[in-house]
Amino acid sequence: MKLFDVYPLFDVNIVKGKGCKVWDEKGQEYLDLYGGHAVISIGHSHPHYINKVTEQLQKIGFYSNSVVNRLQVELAERLGSISGYDDYQLFLINSGAEANENALKLASFTNGRTRVLSAEKAFHGRTSLAVEVTNNPKIIAPINDNGHVAYLPLNNLSAWEAELAKGDVCAVILECIQGVGGIQMATAEFAQGLQAACKKYGTILICDEIQCGYGRSGKFFAHQWLGIRPDIITVAKGIANGFPMGGVLMAPDFKPVYGQLGTTFGGNHLACAAALAVLDIFEKEHLVENANAVGEHLISSIKAIGSPIIKEVRGRGLMIGIDLTVAHADMRKPLIFKEHCFTGCAGSNCLRLLPPLCLSVQEADDFTERLKRVLATI
């Protein structure tokens, strides 16, 4: 049997990681400004994380959601406290797509509607509803194309208000900082106006914090920069530092119904142990604050390079987009194979930086120097 060949791969086999660095099978060290697509929140192979996951594995790794799991209760309490949403409810699943899928289902259960508003360039996942609200026709199969969704320009409040005024919109789903869309950022004026319009017309506001949340923006959630409080928040990626996990945070007025939502693997003992270890490290090492401070420094340093190849630098915290006058492949390949540094990308001309939240000022400066050397060769 062969692997189903759907990923274009760089010819690098990563076998080890520590902090913000990874190593390939030949022993070559790389600086990681990609974080496994924003998944690595606390750094690779953190000793506390390893110890907690190992301890739990030696007790029990999994049992079903038909019995009490006190680790789930502890995680909900801890997450509510650290995020500022201690009055919300938590449903645990396995991935970001599942989180958005369940959020949209819950919205539809609540108001009985089927229409959704999503942003142009949005990415929300690859399961049925999640991919339908993703603005990329190349990955929406005919069976997913059910006419539920209108895609509207980010920050064009009047366009969203006009659709909401029709009175039939089930949910609005919004990345306050778009990831795959190229680090496009919602404004506070837009977000606050959108929340008000949703409340006026009985529409559920969902903030997709799967990539931009969990401390990456320099606040726990990216929407907290914008002065809003959504009805539903979805999380995944950084929640368990690479262990598959996702979550849906719901306002207290959502009433749970037995059997309405469900999952086999979601919230298992091992996943909860991993997620609790992440929160331990967030608090002890002040990683959200670090993401804000180091991110501001890194954005300023990249802007100060002054290269004509850099058109614009955008972002908050350690979620940064660098728009280029050349294809991002022209930068990423030499960054990996000459400068030994991983970055992400978006579109055709945007470098996307999503490093672990423990990135230091020294490592940020190291990246800036590597970036300068590549820019000098183009």
Side-chain angles (χ1 to χ4, degrees), residues 63-113 116 124-125 127 129-130 133 170-176 195 198-199 202-210 212-215 219-224 226 228-240 243-276 278-279 282-283 288:
Y63 204 70
S64 87
N65 282 308
S66 61
V67 298
V68 172
N69 180 348
R70 300 209 183 279
L71 292 173
Q72 292 184 1
V73 177
E74 183 183 355
L75 177 57
E77 291 173 349
R78 293 277 306 281
L79 178 54
S81 176
I82 195 173
S83 69
Y85 280 92
D86 54 2
D87 59 332
Y88 273 42
Q89 306 162 90
L90 178 64
F91 178 66
L92 293 167
I93 53 279
N94 312 286
S95 69
E98 281 181 79
N100 284 334
E101 195 86 10
N102 281 283
L104 291 163
K105 285 170 62 178
L106 186 62
S108 187
F109 277 132
T110 300
N111 60 25
R113 302 174 185 174
V116 180
H124 296 291
T127 53
L129 280 169
V133 295
C170 168
V172 162
I173 187 165
L174 177 70
E175 302 163 275
C176 292
Q195 178 177 254
C198 285
K199 289 187 182 302
T203 296
I204 306 299
L205 176 59
I206 303 167
C207 278
D208 177 343
E209 294 272 354
I210 289 159
C212 61
Y214 242 83
K219 290 187 182 289
F220 198 88
F221 291 126
H223 70 259
Q224 290 170 324
L226 306 179
I228 63 171
R229 195 172 176 86
D231 302 300
I232 300 177
I233 304 162
T234 56
V235 295
K237 293 196 183 292
I239 188 173
F243 197 99
M245 195 181 208
V248 183
L249 286 68
M250 295 156 277
D253 51 335
F254 288 95
K255 303 303 178 187
V257 176
Y258 285 155
Q260 189 179 64
L261 304 179
T263 172
T264 296
F265 299 108
N268 66 73
H269 295 73
L270 203 53
C272 287
L276 285 165
V278 166
L279 293 182
F282 267 37
E283 292 180 319
V288 180

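Remember, predicted model here, so these are calculated numbers, not experimental data. The figures that follow rest on heavy atoms only: side chains count, while hydrogens, waters and symmetry mates do not.
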Ile233 side chain reached by His223 side chain, heavy atoms, under 4.5 Å = yes

CG-CG distance between Asn65 and Leu92, expressed to the nearest 0.5 angstrom | 8.5 Å

Value rounded to 0.5 Å, distance of CD1 in Ile206 from NE2 in His124 | 9.0 Å

What's the spacing between Met250 CE and Asp231 CG if we round to 0.5 Å?
-> 12.0 Å

Residue pair Leu279, Tyr214: steps toward the side-chain contact (heavy atoms from CB on, under 4.5 Å) verdict = CA-CA 10 Å; Leu279 293 182; Tyr214 242 83; 3.8 Å; yes

Interatomic distance, Ile204 atom CD1 to Lys199 atom NZ [nearest 0.5 angstrom] | 9.0 Å

Within the side chain of Ser108, is there an N or O that forms a donor-acceptor pair under 3.5 Å with the backbone of Arg113?
-> yes

Separation between CD of Gln260 and NZ of Lys255, rounded to the nearest 0.5 Å = 13.0 Å

Pairs flagged by ring-ring contact (aromatic ring centres under 6.0 Å, His included) wherever residues 87-107 is involved - sequence neighbours left out = Tyr85-Tyr88

Are Phe243 and Asn268 close enough, and set up right, to give a side-chain contact (heavy atoms from CB on, under 4.5 Å), and what steps lead you there?
-> CA-CA 11 Å; Phe243 197 99; Asn268 66 73; 4.1 Å; yes

Taking all non-hydrogen atoms of both residues into account, name the closest pair between Gly267 and Asn69 and its distance.
-> O-ND2, 3.1 Å

Evaluate side-chain contact (heavy atoms from CB on, under 4.5 Å) for Ile228 paired with Cys207, printing each intermediate quantity in order.
-> CA-CA 10 Å; Ile228 63 171; Cys207 278; 4.0 Å; yes

Check whether any side-chain heavy atom of Gln224 sits under 4.5 Å from a side-chain heavy atom of Cys176, and report yes or no.
-> no

Please say whether more than 12 non-hydrogen atoms of neighbouring residues, nucleotides or ligands are located less than 6.0 Å from CZ in Phe109.
-> yes

Are side-chain heavy atoms of Val133 and Asn100 found at a separation under 4.5 Å?
-> no

side-chain contact (heavy atoms from CB on, under 4.5 Å) evaluation trace for Phe221 with Leu226 = CA-CA 10 Å; Phe221 291 126; Leu226 306 179; over 6 Å; no

According to the ring-ring contact (aromatic ring centres under 6.0 Å, His included) rule, which pairs have a member within residues 250-275, sequence neighbours left out?
-> Phe62-Phe265

Sub-4.5 Å side-chain heavy-atom contact between Leu90 and Gln72 | no

Is any side-chain heavy atom of Asn102 closer than 4.5 Å to a side-chain heavy atom of Thr263?
-> no

Smallest separation among heavy atoms of Leu104 and Ala171, with atom names | CD2-CB, 4.2 Å

Is the side chain of Asn94 donor-acceptor paired with the backbone N or O of Pro244 at a distance under 3.5 Å, no angle test?
-> no

Taking all heavy atoms of Leu106 and all of Thr110, pick out the closest pair and write down the distance.
-> O-OG1, 2.7 Å

Any chance you could measure Asp208, atom CG, to Ile210, atom CD1, to the nearest 0.5 Å?
-> 4.0 Å

Nearest heavy-atom neighbours spanning Cys272 and Leu71 | CB-CB, 3.7 Å

Over all heavy atoms of both residues, which pair between Asn111 and Gly202 is shortest? Give the atoms and the distance, please.
-> ND2-O, 3.4 Å

Identify the heavy atoms of Ala236 and Ser95 that sit nearest to each other, and give their distance.
-> CB-C, 3.9 Å

Mind checking what makes salt bridge (charged side-chain N to carboxylate O under 4.0 Å, His left out) contact with Glu283, not counting sequence neighbours?
-> Arg78

Please check if the side chain of Glu209 supplies one atom and the backbone of Val235 the other of a donor-acceptor pair under 3.5 Å.
-> no

Would you confirm whether Ser81, through its side chain, and Glu77, through its main-chain N or O, come within 3.5 Å as a donor-acceptor pair?
-> no

